[in-house]
Asker: 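Let me give you the structure first, and then I'll get to my questions.
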Number of protein chains: 2
Amino acid sequence: MTRRTRIKDIAERLGLSPATVSRALAESPLVAKETRDRVREVADELHYRPNVSARNLRTKRSMAVLMVVRDVVNPFYLEILKGVEATARAAGYAVLMGNAENDPDREDEYFDMLYDGHADGMILMTGKWPRRHRNAVEAGGLPVVVALEMIEGSRLPHLQIDNEGAAAEAVRHLIEIGHTRIAHVTGPLPEVMSVKRMAGYIRAMKEAGLTLPDDYVVKGNFSLHSGMAAARFLMALEEPPTALFAANDEMALGAIHEMRALGFDVPGDISVVGFDNLFLSDVFYPPLTTVAQPRAEIGRRAMTLLLDILAGGPPPAEPVIVPTSLKIRGTTAPLKTRTDQKQGV
Amino acid sequence: MTRRTRIKDIAERLGLSPATVSRALAESPLVAKETRDRVREVADELHYRPNVSARNLRTKRSMAVLMVVRDVVNPFYLEILKGVEATARAAGYAVLMGNAENDPDREDEYFDMLYDGHADGMILMTGKWPRRHRNAVEAGGLPVVVALEMIEGSRLPHLQIDNEGAAAEAVRHLIEIGHTRIAHVTGPLPEVMSVKRMAGYIRAMKEAGLTLPDDYVVKGNFSLHSGMAAARFLMALEEPPTALFAANDEMALGAIHEMRALGFDVPGDISVVGFDNLFLSDVFYPPLTTVAQPRAEIGRRAMTLLLDILAGGPPPAEPVIVPTSLKIRGTTAPLKTRTDQKQGV
DNA sequence: ATGAAAGCGCTAACAT
DNA sequence: ATGTTAGCGCTTTCAT
């Protein structure tokens with residue numbers, strides 16, 4: 001790699017000052033049209049690319065944003081990332097990936113990156129309070145948008161789905177097709193997202209006047225494994241449920257897998273609803289009934305929100321809610337009556 | 001946000017020069033232990049964080065690497081990203097995500113980022129030649145590692161799996177359990193990865209002395225849809241195959257889905273092998289037999305290779321090959337003989 | 001419409 | 001062991 005072309009090189013070549021070249025490259029109307037064209041031409045010829053460090057140092061901006069997730073390995077974030085990336089690119093921003101791995105210290109490191117100029121803003125999708133930067137988060141005013149998750153009590157702008165409402169809708173679907181013995185596998189408690197989804201389940205059950213045996217609410221942690229364990233527990237009950245609402249798809253799939261291993265048919269013996277609409281959840285057998293979140297849109301809107309804030313706009317006082325939709329597919333079926341073993345399959 | 005603490009602030013506070021503070025913070029042995037401690041203390045107290053732009057400008061490094069993939073939405077890259085990220089972090093590097101979307105122009109943009117100081121190095125997983133930077137790639141010597149894919153004819157260091165060998169192994173498994181009418185859905189041709197996997201299929205078939213009807217090699221493009229189309233085509237043949245090797249899991253799952261819709265049982269009527277060991281491919285029904293790549297390790301090793309190169313080490317002249325393993329699960333079963341309808345299910 | 005000069009915050013070569 | 005000086009490449013007053 002030969003030495004890089006600098007503004008100075010272009011300036012010397014044209015007998016101009018670096019200042020004029022800088023202005024010309026920025027399309028400043030202060031520079032004569034003719035000069036601008038000559039500068040552009042020489043810049044192209046020399047393959048000029050501005051040095052980002054120098055520019056960033058001078059402008060005190062990095063033109064990069066940080067997207068921090070709970071765990072990069074979760075495919076759930078991919079479409080969100082795509083939405084963020086597309087919107088960021090269009091505005092000239094690069095996207096840095098942060099993997100918090102549920103570690104508050106890592107969280108802090110990413111806030112550090114905001115301070116040290118690595119990034120101008122952050123899209124936080126972890127729902128965790130950082131430790132060292134707690135006060136800053138509490139106070140708000142940081143160029144940070146919280147998406148999907150919630151940091152309760154913080155003044156940061158939030159972009160969310162209506163977890164409780166979506167969960168209630170999923171459970172209502174089960175009720176509508178005749179189920180009354182409906183169980184729930186929760187996400188990790190007491191995290192807000194899990195609590196809300198559980199609250200939606202409880203609300204829908206209560207509103208329908210259904211009873212909620214203690215045994216029917218099983219603690220999970222969003223992992224495949226916890227879905228399997230929940231299935232084992234539930235199907236061994238004296239009165240096993242005829243339907244299950246899982247707080248995410250991974251647990252739903254784990255549960256279905258285990259139920260099948262136990263000799264139960266889905267949806268013949270038990271209906272299952274998930275939450276997330278995971279990649280390929282529609283080609284599972286049977287295709288999974290689940291709550292879909294508009295992931296790409298969430299990404300786009302979170303980034304748009306962040307861009308507004310970076311441009312000096314006021315952060316929204318109220319959380320922005322994006323709508324979800326229930327995808328009714330093959331893992332839910334009307335309840336079989338005792339006398340009619342074949343109905344609804 | 002109040003004004004940032006600079007080295008100068010710490011220096012003034014301690015009556016030292018900025019240079020000494022800079023050295024102290026870098027743990028230079030030139031600075032007295034006692035001074036170092038005092039500097040550290042004041043730095044912590046003032047929450048000092050070095051300004052990365054200034055440092056990068058001075059050191060001509062960004063301490064960031066770029067990971068460029070074909071399409072961020074493919075979950076396949078996630079574990080690789082995790083491996084890259086972990087290794088990068090440990091070495092003090094941040095990871096920038098690049099999404100090439102099969103567009104050579106985007107590819108060029110990411111090479112630009114190498115030149116303009118956005119990143120010090122790049123892990124390329126697209127297998128595409130860039131346009132403008134073609135010559136640079138041809139010449140080699142760039143801080144770029146190509147992983148998973150190949151840029152044929154370039155002198156860039158490569159980290160790969162043995163696509164041909166792995167494909168042959170998968171097909172041999174089908175042959176060993178009695179199949180002779182084995183079809184193949186290819187990836188997008190003429191991309192090297194797809195060509196190699198097809199070559200492995202052909203080699204295994206030839207070595208076993210099996211015939212290869214033209215109809216048995218169907219062109220796909222790695223999408224779910226092309227897997228479905230291939231299944232429709234193959235199962236409508238006069239002599240449909242009894243086994244299918246798909247060049248990736250997504251096509252395998254699409255094919256299985258379609259076969260089931262067509263009334264065929266997998267693996268009862270037809271066995272299917274995929275390639276990639278996608279997330280959750282083991283909880284599909286039936287669990288997918290597939291070729292597993294050590295994704296996290298690929299990420300770690302690619303990043304380690306890049307770190308070596310960034311440290312001035314010589315790039316490996318030969319491609320580095322990481323081993324794959326065949327996961328035999330539920331979508332493959334011994335061939336049913338005509339007289340024994342029940343065997344092997 | 002253009003130029004001269006200053007300075008962003010840091011590190012490294014060269015003193016002492 | 002510490003200080004002085006210079007400069008990375010850029011943008012932005014302030015002059016003309």
Side-chain angles (χ1 to χ4, degrees), chain A residues 1-40 42-43 46-64 92 112-118 120, chain B residues 1-40 42-43 46-64 92 112-118 120:
Chain A
M1 254 190 288
T2 163
R3 202 159 127 301
R4 308 254 359 244
T5 307
R6 298 153 307 162
I7 278 194
K8 204 182 163 199
D9 301 323
I10 302 175
E12 281 170 4
R13 177 97 158 230
L14 287 166
L16 289 167
S17 75
T20 304
V21 174
S22 174
R23 288 193 199 101
L25 291 170
E27 300 291 336
S28 161
L30 291 177
V31 179
K33 172 112 182 42
E34 199 202 327
T35 314
R36 282 211 301 261
D37 292 344
R38 277 161 57 220
V39 168
R40 269 255 66 87
V42 175
L46 300 180
H47 300 110
Y48 170 74
R49 295 233 93 212
N51 177 312
V52 288
S53 300
R55 168 179 288 174
N56 291 347
L57 174 59
R58 184 60 231 238
T59 59
K60 296 180 179 297
R61 301 198 302 168
S62 66
M63 295 309 279
D112 283 342
M113 290 177 75
L114 237 45
Y115 282 94
D116 65 23
H118 254 114
D120 297 333
Chain B
M1 253 188 288
T2 163
R3 203 157 125 300
R4 308 255 358 244
T5 307
R6 298 153 307 163
I7 278 194
K8 204 179 162 203
D9 301 323
I10 302 175
E12 281 169 4
R13 177 97 159 229
L14 287 166
L16 289 168
S17 76
T20 304
V21 173
S22 174
R23 289 191 198 101
L25 290 170
E27 299 292 335
S28 161
L30 290 176
V31 179
K33 171 114 182 41
E34 198 202 326
T35 313
R36 282 212 300 260
D37 293 344
R38 277 162 53 222
V39 168
R40 269 253 65 88
V42 175
L46 300 180
H47 299 110
Y48 171 74
R49 296 234 91 213
N51 177 314
V52 288
S53 301
R55 168 181 288 172
N56 292 346
L57 175 59
R58 184 61 233 235
T59 59
K60 294 181 178 298
R61 300 198 304 168
S62 66
M63 296 307 279
D112 284 341
M113 290 177 74
L114 237 46
Y115 282 94
D116 66 23
H118 254 113
D120 298 332

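In what follows, chains are A, B, ... by sequence order, proteins preceding strands, each numbered from 1. Side chains are part of it too, since the values below use all heavy atoms of this structure and drop only hydrogens, waters and symmetry mates.
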Asker: Over all strands shown, is A:G117 touching base, sugar-phosphate only, or nothing at heavy-atom distances under 4.0 angstrom?
Answerer: nothing
Asker: Can you find a donor-acceptor pair, distance only, under 3.5 Å between B:R58 side chain and D:dG9 base?
Answerer: no
Asker: Among the candidates C:dC10, D:dT11, D:dG9, find the nucleotide nearest to the side-chain atoms of A:S22.
Answerer: D:dT11
Asker: Could you report the tightest heavy-atom contact between B:M63 and B:G92, atom names first, then the distance?
Answerer: CE-O, 3.7 Å
Asker: Nearest nucleotide by nearest heavy atom, which residue falls closer to the 5' end of DNA chain C, B:S53 or B:A19?
Answerer: B:S53
Asker: Can you see if the side chain of A:S17 gets near the phosphate of C:dG3 - specifically, an N or O under 4.0 Å from OP1 or OP2?
Answerer: yes
Asker: Whole Å only: how far is the CG atom of B:L25 from the P atom of C:dC10?
Answerer: 9 Å
Asker: With respect to the side chain of B:V31, which nucleotide from C:dG9, C:dT11, D:dT2 is positioned closest?
Answerer: D:dT2
Asker: Measure from CZ on B:R49 to P on C:dC10 and round the result to the nearest Å.
Answerer: 12 Å
Asker: A:R36 CZ to C:dA1 P: how many Å, rounded?
Answerer: 10 Å
Asker: Does B:R61, at its CZ atom, have more than 12 non-hydrogen atoms belonging to other residues, nucleotides or ligands within less than 6.0 Å?
Answerer: no
Asker: Kindly determine whether A:R49 and A:R4 satisfy side chain to side chain contact (heavy atoms under 4.5 Å, CB included), including the steps that lead there.
Answerer: CA-CA 8 Å; A:R49 295 233 93 212; A:R4 308 254 359 244; 3.5 Å; yes
Asker: What is the separation between atom NZ on A:K8 and atom C1' on C:dA5, rounded to the nearest whole Å?
Answerer: 14 Å
Asker: Please report, rounded to the nearest Å, how far the P atom of C:dA6 is from the CG atom of A:L57.
Answerer: 18 Å
Asker: Does B:D116 use its side chain to pair, donor to acceptor, with the backbone of A:V52 at less than 3.5 Å?
Answerer: no
Asker: Of the nucleotides C:dT2, D:dT4, C:dC10, which one has an atom closest to the side chain of A:T35?
Answerer: C:dT2
Asker: Looking at the side chain of B:Y48, which of C:dG3, C:dC8, C:dC10 is the nearest nucleotide?
Answerer: C:dC10
Asker: Identify which nucleotide among C:dC10, C:dT2, C:dA12 has an atom closest to any side-chain atom of B:T59, counting heavy atoms from C-beta outward.
Answerer: C:dA12
Asker: Could you tell me the separation between the CG atom of B:D116 and the P atom of D:dG9, rounded to a whole number of Å?
Answerer: 14 Å
Asker: Please report, rounded to the nearest Å, how far the C1' atom of C:dT2 is from the NZ atom of A:K33.
Answerer: 18 Å
Asker: Starting the side chain at C-beta, find the nucleotide from D:dG3, D:dT11, C:dT2 nearest to A:R23.
Answerer: C:dT2
Asker: Can a salt bridge be assigned to the pair A:D37 and A:K33 using a cut-off of 4.0 Å between side-chain N and carboxylate O?
Answerer: yes
Asker: Rounded to the Å, how far apart are B:R61 CZ and C:dT11 C1'?
Answerer: 12 Å
